[in-house]
Amino acid sequence: MESKDDSGGLRCLVTGATGYIGGRLVPELLEAGHRVRCLARTPEKLRDYPWAGEAEVVKGDVTDAESLGAAMRDVDVAYYLVHALAAGPGFERTDREAAQNFAEQARAAGVRRIVYLGGLTPPDVPERELSPHLRSRAEVGRILLDSGVRTTVLRAAVIIGSGSASFEMLRYLTERLPVMVTPSWVSTRIQPIAVRDVLRYLVGSAHMPADVNRTFDIGGPDVMTYRDMMQKYAQVAGLPHRLILPVPMLSPGLSSHWVGLVTPVPASIARPLAESLRYEVVCQEHDIADHVPDGPGQPFSFATALSLALQRVREARVTTRWSSASTPGIPSDPLPTDPDWAGGSLYTDVRERDVDASPEALWRVVEGIGGENGWYSFPPAWAVRGWLDRLVGGVGLRRGRRDAQRLRVGDSLDFWRVEEIEPGRLLRLRAEMRLPGLAWLEMYAEKGEDGRSHYRQRAVFHPSGLLGHAYWWSVSPFHAVVFGGMARNIALAAGRATGGPA
């Protein structure tokens, strides 16, 4: 018997709410009348989401039994939407321990159902021979099914939606390369699914009958090769037919670097995606429809999924992106308290300018920085820094932005992440490029005199060891060009926007 709150909805816990799927699932559950609690390591990242005021957000981690147990209290349905993708050699162990912890705490708290979104695997390939990524996803599903809590495991192949890693990879490869020398996996059969269908199945799974404890394959109506997917994308996007030449010697490792070179998806994330594409991943059943019925035109065709995703991109209505979740291995420490911080050295570069524009006009320029607008100083230097970051396994400069005009805490912004934003006044970015230390960039739009505004910019670097100190002093001669030019050009841009000099 399902437990419900006074409004008739279920009490749902969503892990991974800062990620691509979780960030979209929460408003769908709320719309369906459920009460939602989100578990987040950094609750502040969810502060600016449109639904933040409607959901409960608690601090915790799936690897921490105490915080997870508290979050599970009084929960009917627990959604497990986290995984340690690209977290390094130990990610399988991390996934295993996190899943075991989640299973134990859900059972102890009396949770009625666990819902997990995993990966579709080929039936004729033993689990031990799968890629580490797929193998880990399968193991997590098995752990949850054996938890003693009724579990629904949804297994999907390629998810197509605006901002998904799979869609971004497909989009950039197709748009940027009219002629492609590609890995042999472009000939592997795949059954993609629209993100809207994934969300529909996730929400519907909350009401599964109590005796259901199994996996369900979920996919769209089209089975196609990756080559077919690229050609269909070109057709839907109005691009000429692409010439695609498969090359068998391109291994998953090499092809992941190739993907990283052409698309915003870094090699660390492209590799597990590429490894998964080596296998034929086609649904063996569609039993999910017995419990979550498909309506007319559902599930969406691949062409429809592409059209919907492209429309969202063109209208700048991408609600979450693959980069919404924190990338493993990148700096995550908050800016140390300053100037009274006693933890060591902090180097700073401060630039200030009076601006012949209103604070509102200046703020629009500040909040619009990055992505297509660039960084307002010496573009070749920023491009080179992005390429260097890619070469050493970093995220690079091409992640762009989720929205062309608006930012929120937690957004990725090229090789930065929004750590704090006070609308109209402060934007603080934390560097996610590979550095021998931690770095931040702050931009302030302040009220000046006589209707003018004052722009203040501060770069902060906390070096790690001798290499960190050496790094700062080696790049400091270029700060006048990079940071000085940025302050000057941001002021000029704000002045031009209001029709006056800066």
Side-chain angles (χ1 to χ4, degrees), residues 20 119-120 122 131 133-134 156-198 218-267 269-283 299-314 318 321-323 390 396 398-400:
Y20 177 72
L120 191 59
S131 70
H133 169 57
L134 282 182
V158 173
I159 297 176
I160 299 298
S162 60
S164 75
S166 296
F167 174 74
E168 295 278 284
M169 193 168 108
L170 175 68
R171 178 163 77 104
Y172 280 85
L173 286 175
T174 309
E175 289 185 354
R176 292 183 172 180
L177 300 176
V179 178
M180 281 175 271
V181 177
T182 61
S184 57
W185 46 251
V186 297
S187 300
T188 304
R189 293 201 315 156
I190 306 163
Q191 191 164 352
I193 182 170
V195 68
R196 297 191 186 197
D197 287 313
V198 173
I218 58 172
D222 303 298
V223 176
M224 54 209 313
T225 67
Y226 203 84
R227 179 196 286 109
D228 295 334
M229 290 168 63
M230 287 191 284
Q231 297 293 12
K232 177 59 71 173
Y233 180 94
Q235 179 184 336
V236 172
L239 301 172
H241 187 81
R242 269 33 191 164
L243 180 61
I244 301 170
L245 307 172
V247 177
M249 70 278 300
L250 275 177
S251 67
L254 288 174
S255 63
S256 67
H257 287 291
W258 171 70
V259 170
L261 191 68
V262 178
T263 80
V265 182
I269 293 177
R271 176 154 192 159
L273 293 176
E275 286 178 335
S276 302
L277 291 171
R278 289 187 295 155
Y279 307 99
E280 183 172 286
V281 279
V282 177
C283 296
F300 291 111
S301 69
F302 180 68
T304 300
L306 286 179
S307 296
L308 291 169
L310 282 169
Q311 182 179 353
R312 287 265 184 169
V313 170
R314 289 164 180 163
V318 180
R321 297 181 71 220
W322 62 271
S323 55
R390 283 272 178 158
R398 293 203 307 269
R399 288 190 302 184

Quick one: does Leu170's side chain get under 4.5 Å of Leu306's, heavy atoms only? yes
Between Arg242 and Ala234, what is the shortest heavy-atom contact and its length? CD-CB, 4.2 Å
Using 0.5 Å steps for rounding, measure from the OG1 atom of Thr188 to the CZ atom of Arg227. 10.0 Å
Side-chain contact test, heavy atoms from C-beta onward, threshold under 4.5 Å: evaluate it for Phe300 versus Ile160 and give yes or no. no
Find out whether Phe302 and Tyr233 are in side-chain contact, i.e. whether some heavy atom of one side chain is under 4.5 Å from a heavy atom of the other. no
Any side-chain heavy-atom pair from Arg171 and Val313 closer than 4.5 angstrom? yes
Any side-chain heavy atom of Leu120 within less than 4.5 Å of one from Tyr279? no
Heavy-atom nearest pair, Ser307 first then Val236, reads OG-CG1, 3.5 Å
Arg189 side chain to Ser187 main-chain N or O, any donor-acceptor pair under 3.5 Å? no
Between Pro299 and Gly219, what is the shortest heavy-atom contact and its length? CG-O, 3.6 Å
Return the minimal non-hydrogen interatomic distance between Ala194 and Ala305, and the atom names on each side. CB-CB, 3.6 Å
What pair of heavy atoms forms the shortest contact from Pro122 to Val281, and how long is it? CD-CG1, 4.2 Å
Derivation and outcome, side chain to side chain contact (heavy atoms under 4.5 Å, CB included), residues Asp222 and Lys232: CA-CA 11 Å; Asp222 303 298; Lys232 177 59 71 173; over 6 Å; no
Between the CZ atom in Arg312 and the CZ atom in Phe167, the distance rounded to the nearest 0.5 Å is 12.0 Å
Using modelled atom types and a 3.5 Å cut-off, is there a donor and acceptor pairing between side-chain atoms of Gln231 and backbone atoms of His241? no
Could you tell me whether the side chain of Pro192 reaches within less than 4.5 Å of the side chain of Ile159, counting heavy atoms only? no
Measure the spacing between CE of Met169 and CE of Met229 and express it to the nearest 0.5 Å. 8.5 Å
